[in-house]
Amino acid sequence: VAVEVVDVTGSTNADLLARAPRLDAPVLLIAEHQTAGRGRAGRSWLSEPGHSLTFSLAWRFADGLRGMAGLPLAVGVALAETLGRLGQSVQLKWPNDVLKDGDKLAGILVETQVLPDGAAWAVVGIGVNLVMPDALEDRIGRGAAAMPWLARMDRDELMAALLDGLADALALFARAGFAPFAARWNVLHAWAGRPVVLLDRGEVRHEGLAAGVDDTGRLLLDTAAGRITIVAGDVSLRTT
Ligand code: ATP
């Protein structure tokens with residue numbers, strides 16, 4: 001994987017997506033600062049210089065986009081397991097967040113591009129909060145967690161550990177899809193068995209107990225009417 005570092009850019013995901021048609025090998029692009037970080041559905045990912053890790057990894061999938069909905073979850077597993085190996089315990093919130101003590105520590109955004117030959121590039125963007133100043137948390141407007149312990153770690157060592165975990169996960173995902181990650185995701189599930197509501201554009205669509213994910217990364221929700229499965233479109237989960 002070629003590693004590139006830039007001082008400042010709008011969005012590392014946007015940069016790699018723009019280059020995807022011309023890439024011939026995986027690239028990790030790290031930004032010291034990102035000024036227009038993206039979340040799902042046009043939301044933003046906020047960060048301040050020196051207070052977070054912001055990077056994206058572009059990975060080619062020869063078979064196109066089949067099964068890709070599970071990729072953000074597989075990336076979450078890789079990230080959480082790497083942090084776990086570093087001694088930092090985190091949990092996963094479906095579909096694409098990493099939580100620490102219930103607050104969002106890291107966000108994952110996967111964006112894709114299909115090439116004329118049917119192959120696809122997935123650009124996996126990750127933001128991890130290292131330090132969370134009150135002013136930034138105020139701008140975010142909801143609970144956000146940070147990991148000062150990581151801020152004190154050697155940055156190259158930390159990035160190397162994260163990249164190792166991600167590259168392994170992406171290679172496995174390309175070979176076998178989400179299935180090998182499902183049990184690992186469920187072990188890390190922040191809200192296992194907890195009452196949750198599923199919001200679709202702010203409206204409550206379903207209520208139930210979060211029962212983990214299936215082999216394709218769909219959320220299993222135990223509702224009054226029985227178990228239902230939810231695909232990771234632009235829906236949001238909240239605890240009640
Ligand atoms: P939801 O929780 O509604 O499902 P999401 O978790 O999918 O949303 P994303 O689109 O992945 O959210 O990320 C963008 C959201 O993350 C923002 O709308 C904001 O609430 C929150 N956010 C933005 N920057 C940060 C940050 N540095 N740390 C924690 N949370 C952040």
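Counting starts at 1 for both ligands and their atoms, in listed order.
Evaluation of the salt bridge (Lys or Arg N to Asp or Glu O under 4.0 Å) test over residues 68-80, restricted to residues two or more places apart or in two chains, returns none.
Note that CD1 of I30 and CZ of R155 are 9.5 Å apart. Values are rounded to the nearest 0.5 Å. Separating the CG atom in D164 from the CE atom in M159 is a distance of 11.0 Å, to the nearest 0.5 Å. The CG atom of L170 lies 5.5 Å from the CG atom of L57; values are rounded to the nearest 0.5 Å. One finds the CG atom of L158 at 5.0 Å from the CE atom of M153 (value rounded to the nearest 0.5 Å).
Of all atoms in ligand 1, listed by their number and element, those nearer than 4.0 Å to a heavy atom of K93 are 1 (P), 2 (O), 4 (O). Shown in contact with L46 at under 4.0 Å from a heavy atom are these atoms of ligand 1, numbered in order with element: 23 (C), 24 (N), 26 (C), 27 (N). Under a 4.0 Å criterion applied to the non-hydrogen atoms of A144, ligand 1 contributes the atoms 28 (N), 29 (C).
Remark: minimum distance from atom 22 (N) of ligand 1 to any protein heavy atom is reached at I140 CG2, 3.7 Å. Nearest to atom 31 (C) of ligand 1 among the protein's heavy atoms is W45 CZ3, 3.4 Å. Protein heavy atom at the shortest distance from atom 11 (O) of ligand 1 is N96 ND2, 3.0 Å. Of all protein heavy atoms, the one lying nearest to atom 28 (N) of ligand 1 is N129 ND2, 2.8 Å. From the protein, the heavy atom lying nearest to atom 8 (O) of ligand 1 is R43 NH2, 3.5 Å. At the shortest separation from atom 10 (O) of ligand 1 among protein heavy atoms lies R40 N, 2.6 Å. The protein heavy atom nearest to atom 6 (O) of ligand 1 is D97 OD2, 2.4 Å. Of the protein's non-hydrogen atoms, R142 NH1, 3.1 Å is the one closest to atom 20 (O) of ligand 1.
With distances taken over non-hydrogen atoms, the option nearest atom 1 (P) of ligand 1 out of A232, A145, S44, S236 is S236. Among K104, M132, R238, the residue whose heavy atom sits closest to atom 5 (P) of ligand 1 is K104.
Here the closest heavy-atom approach between residue A210 and residue W191 is recorded as CB-O, 3.5 Å. Contact between A169 and A74 at its shortest, heavy atoms only, is CB-O, 4.3 Å.
Side-chain N or O atoms of S44 include none that pairs as donor or acceptor with a backbone N or O of L46 at under 3.5 Å.
Using a non-hydrogen distance threshold of 4.0 Å, R38 does not register as a contact of ligand 1.
Using the six-membered ring where Trp is involved, W185 and H189 have ring planes that are tilted, between 30° and 60° apart.
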